[in-house]
Amino acid sequence: MDLNGKVIVVTGGGQGLGRSMAITLAAKGAKLALIDLSREKLDEAVELCKAAGGDAKAYIANVTKEDDVISTFDQIVEDFGSFNGIINNAGILRDGLLIKVKDGEIVKKLSFTEWQDVIDVNLTGVFLCGREAAERMIKLGIEGVIINISSLSRAGNIGQTNYSAAKAGVAAMAVSWAKELARYGIRSAAIAPGIIATDMAASMKPEALENLTAAAPLKRMGTPEEIGHTCAYIFENDYFTGRIIEMDGGLRL
Ligand code: NAD
């Protein structure tokens, strides 16, 4: 796919990896529809995309709400007249041990809310946005690309029952969609980042962050720009589908 003039939706596009991937695609002439929860962050991201050379518009929507997703995607098609791809990037962390024991006593369990909040955004949000994106691309008869942002944690990680389950799910969904949607000219893939320098990484416990960085052969966090580079590769390489690219500096959990 030549990204010039293509309409790409990025969920969680207001900051971090989403914003950085959007800027990378904007620099290649793409038109970005950025979805996030807050107006301020989105406006900033839109300006950065325009400065990089692409058009961009902001959409406030919650990816966990079916009605919100449907009306936002309709609006995007109305505004841009096309729909060529989506990066399912919006995500949250609610880390905690399944069962926390201190001095032989159970002091905390991973709460149902901590489980459900992560599943709602990181798994259900990807399902809803992926489904609505595919429907519009098929209706428009347009060849397209879906990228799900998974994680190194999809292999299973301590303190991340909820997050690991969701990230394994979105990697599997990318493969299912590659198989189902190839007949309509739609490719689907996932990126599984390791530790990347964003606000999300900054919210981790400092000692956990240090240990993980030290365990990576490259001994550093990845940059959002390096993930943007991978994302552009998936869009541009028409033979790439149904696979997960591990962008983790060689780190294994
Ligand atoms: P971030 O917290 O900096 O940004 C996430 C964005 O998603 C925020 O702007 C937030 O407002 C938005 N968002 C959250 N819930 C939403 C909702 N319900 N609807 C719409 N938008 C919502 O995080 P990041 O580090 O940029 O991470 C982006 C993605 O990459 C996430 O899916 C994350 O799990 C994944 N990831 C990040 C890392 C890392 O080290 N940073 C590693 C592996 C995977």
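We number each residue from 1, following the sequence as shown. Both ligands and their constituent atoms are indexed starting at 1 by order of listing.
Shown in contact with Ile195 at under 4.0 Å from a heavy atom are these atoms of ligand 1, numbered in order with element: 40 (O). Close contacts between ligand 1 and Leu37 involve ligand atoms 15 (N), 16 (C), 17 (C), 19 (N), 20 (C), 21 (N), 22 (C) [criterion: under 4.0 Å to a heavy atom]. Each of the following atoms of ligand 1 lies closer than 4.0 Å to a heavy atom of Val121: 15 (N), 18 (N). Within ligand 1, the atoms closer than 4.0 Å to a non-hydrogen atom of Tyr163 are 33 (C), 34 (O), 35 (C), 36 (N), 43 (C), 44 (C), numbered from 1 in the order shown. The Asn89 neighbourhood of ligand 1 comprises atoms 28 (C), 29 (C), 30 (O), 31 (C), 32 (O), with distances under 4.0 Å to a heavy atom of that residue. In the vicinity of Gly12, heavy-atom distances shorter than 4.0 Å reach the ligand 1 atoms 6 (C), 7 (O), 12 (C).
Considering backbone and side-chain N/O atoms, Ser151 never comes within less than 3.5 Å of an N/O atom of ligand 1. In terms of polar-atom proximity, Ala201 is not counted as a contact of ligand 1, lacking any N or O under 3.5 Å from an N or O of the ligand.
At the top of the distance list for atom 26 (O) of ligand 1, counting protein heavy atoms only, stands Leu17 N, 2.8 Å. When hydrogens are left out, the protein atom nearest atom 20 (C) of ligand 1 is Ala61 O, 3.4 Å; that is the closest non-hydrogen contact. Regarding atom 11 (O) of ligand 1, its nearest protein heavy-atom neighbour is Asp36 OD1, 2.6 Å. Ile196 N, 2.8 Å is the protein heavy atom nearest to atom 40 (O) of ligand 1. Remark: minimum distance from atom 25 (O) of ligand 1 to any protein heavy atom is reached at Thr198 OG1, 2.4 Å. The protein atom (non-hydrogen) at minimum distance from atom 18 (N) of ligand 1 is Asn62 OD1, 2.8 Å. Of the protein's non-hydrogen atoms, the one nearest atom 38 (C) of ligand 1 is Gly194 O, 3.9 Å. Here the protein heavy atom with the shortest distance to atom 2 (O) of ligand 1 is Gln15 NE2, 3.4 Å.
The shell of residues lying under 4.0 angstrom from ligand 1, judged by heavy atoms, excludes Thr11. Not close to ligand 1: Met221, with no non-hydrogen atom less than 4.0 angstrom away. Ligand 1 lies within reach of Ser150, whose nearest heavy atom is under 4.0 Å from it. Heavy-atom distances between Ile35 and ligand 1 stay at or above 4.0 Å for every pair.
Judged by a 6.0 Å distance limit and a 45° cone about the ring axis, Lys6 is not positioned over the six-membered ring of Phe235.
If you look at Ala192 next to ligand 1, there are no close heavy atoms at all, none under 4.0 Å.
Nearest heavy-atom pair across Val69 and Leu128 is CG1-O, 4.0 Å.
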